[in-house]
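Whatever order the structure lists ligands and atoms in, that order sets their numbers, starting from 1.
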Amino acid sequence: MNMMDLTGKKGLIVGIANSHSIAYGCASVLRKAGAELCVTYLNEKSRPYVAPLAEGLNASMLPLDVAEPGQMEAVFESLKEQWGELDFVVHAVAWSPLDELHGRLVDTSAEGFSKAMDISCHSFIRMAKCAEPLMKNGGTLLTMSYYGSEKVVDHYDMMGPIKAALESSVRYLAFELGSKNIRVHSISPGPMPTRAASGIEKFDQLMEDAVQRSPLHQLGRPEDVGNMAAFLVSDMAARLTGSVEFVDAGHHIVA
Ligand code: NAD
């Protein structure tokens, strides 16, 4: 069953590492709903993992390391040539230095924190800036957050304040770009076993807790995030902006 019809919409998906990635869950649903996609890969090492997925999605593929000056601008220049316009962006990117992620926030170095903030948060702001001129008829910008932004989740450490900054950025971007009919949201998935998640200590316990204590007693799946993304991108969500949408089987309501 596919209730969304996104035929004619064109979107950029950033953050596919492999078939378990939340970005791939989003891309699969958006493609099934009829959207035309361009996906990015981080570097030559990740290219062989992303290429067959891009092919299956019938998507074009471009390199993008958001920490490399000029690469993001090149992606949007290429989209301008390819499509001339853009309807949506899915930003599902996070990075932090592993040793610091495994330590206490209080011990975080300025360098490690700044780099993690730049890749995981400011890259979304830069993406909004690049997308704005291509979203001539409005559009949707989506990013991925986590509940650790608002409550202390053991072992989430430095990513908590970074996701808080990301969610706040979503609100300010939604306010600033609303007059152009560009809508901005963060989706907040519950724990899902992806490569990025494997860097978080005791992640298994987080997943166990999600299953035991969430009202629906299940883990969310990347395709559930994709369904939410499809709704937010669709014209059915035309009057929504600036929100955090949880896709976590209701875990966030439980004390
Ligand atoms: P993933 O490892 O599949 O995806 C993370 C992506 O970030 C990878 O594709 C990686 O290449 C990309 N990335 C890292 N540094 C980059 C850079 N410099 N330039 C471009 N891309 C870069 O893991 P995921 O869990 O799918 O993560 C996607 C998003 O979902 C992240 O923002 C993460 O914080 C968020 N999230 C994940 C979970 C979870 O439990 N998996 C829960 C809530 C939120």
Side-chain angles (χ1 to χ4, degrees), residues 12-28 39-50 53-54 61-72 74-75 89-98 101 114-124 126-127 142-151 153 155-167 169-170 186-211 214 219-226 228-229 244-249 251-252:
L12 175 68
I13 309 281
V14 181
I16 300 181
N18 54 45
S19 63
H20 304 292
S21 294
I22 289 173
Y24 181 65
C26 291
S28 305
V39 306
T40 65
Y41 60 96
L42 177 62
N43 51 31
E44 283 310 306
K45 216 172 126 193
S46 62
R47 188 186 176 132
Y49 299 96
V50 181
L53 302 176
M61 197 175 85
L62 294 167
L64 177 57
D65 179 337
V66 298
E68 285 297 318
Q71 277 202 11
M72 192 186 294
V75 165
V89 170
V90 175
H91 170 279
V93 170
W95 180 89
S96 59
L98 209 54
L101 181 66
S114 306
K115 194 166 178 202
M117 182 68 98
D118 181 65
I119 292 175
S120 313
C121 176
H122 193 260
S123 66
F124 183 60
R126 293 199 291 281
M127 236 172 251
L142 300 178
T143 188
M144 300 300 150
S145 190
Y146 178 59
Y147 183 61
S149 63
E150 58 179 90
K151 297 281 187 226
V153 174
H155 303 298
Y156 202 56
D157 299 304
M158 76 188 297
M159 284 310 292
I162 290 172
K163 291 297 192 191
L166 182 64
E167 288 181 12
S169 304
V170 162
S186 51
I187 301 178
S188 186
M192 296 179 191
T194 62
R195 205 178 66 189
S198 68
I200 297 166
E201 276 187 310
K202 307 214 167 124
F203 190 73
D204 286 353
Q205 285 179 14
L206 220 59
M207 288 198 292
E208 267 171 45
D209 183 67
V211 173
S214 68
L219 290 179
R221 302 161 306 174
E223 54 266 43
D224 299 320
V225 181
M228 176 58 81
V244 181
E245 301 291 349
F246 288 93
V247 180
D248 65 349
H251 195 231
H252 67 283

(request) Provide, to 0.1 Å, the distance between atom 13 (N) of ligand 1 and the closest protein heavy atom, together with that atom's residue and name. (result) Val93 CG1, 3.7 Å

(message) I'd like to check which ligand 1 atoms, numbered from 1 as shown, lie under 4.0 Å from a non-hydrogen atom of Lys163.
(response) 31 (C), 32 (O), 33 (C), 34 (O)

(message) Under a 4.0 angstrom heavy-atom cut-off, which atoms of ligand 1 come close to Ala197?
(response) 41 (N)

(request) May I ask you to check if ligand 1 and Ala23 share an N or O to N or O distance below 3.5 Å? (result) no

(request) Mind checking whether Asn18 contacts ligand 1 via backbone (N, CA, C, O), side chain (CB onward), both or neither, at a 4.0 Å heavy-atom cut-off? (result) neither

(request) Tell me which one of Leu64, Val247, Val90 gets a heavy atom nearest to atom 20 (C) of ligand 1. (result) Leu64

(message) So is Pro193 touching ligand 1 or not, going by heavy atoms under 4.0 Å?
(response) no

(message) Judged on heavy-atom distance to atom 5 (C) of ligand 1, which of Pro222, Ala92, Ser21, Ala17 sits nearest?
(response) Ala92

(request) Return a yes/no value for Pro189: is any of its N or O atoms, backbone included, closer than 3.5 angstrom to an N or O of ligand 1? (result) no

(message) In this structure, does ligand 1 have an atom that sits under 4.0 Å from one of the heavy atoms of Ser46?
(response) no

(message) Less than 4.0 Å from atom 10 (C) of ligand 1, is there any heavy atom belonging to the protein?
(response) no

(message) Are any of the N/O atoms on Thr194, whether in the backbone or the side chain, positioned under 3.5 angstrom from an N/O atom of ligand 1?
(response) yes

(message) With respect to Val14, determine whether any N or O atom, backbone or side chain, lies less than 3.5 Å from an N or O atom of ligand 1.
(response) no

(message) Test of understanding: given a 4.0 Å heavy-atom threshold, classify the contact between Asp65 and ligand 1 as side chain, backbone, both, or neither.
(response) both

(request) Using distance alone, with no hydrogens and no angle criterion, decide if Glu167 and Ser186 have a side-chain donor and acceptor under 3.5 Å apart. (result) no

(request) Quick one: look at Phe203 and ligand 1, take heavy-atom pairs under 4.0 Å, and tell me if it's side chain, backbone, both or neither. (result) side chain

(message) Between ligand 1 and Gly15, is the shortest N or O to N or O distance under 3.5 Å?
(response) yes

(request) Would you indicate whether the side-chain heavy atoms of Leu166 and Phe124 approach each other to under 4.5 Å? (result) yes

(request) Going by heavy-atom distance to atom 43 (C) of ligand 1, choose the closest among Gly25, Ser145, Ser198, Gly148. (result) Ser145

(message) I want to know if ligand 1 touches Tyr146 in the polar sense, i.e. an N/O pair below 3.5 angstrom.
(response) no

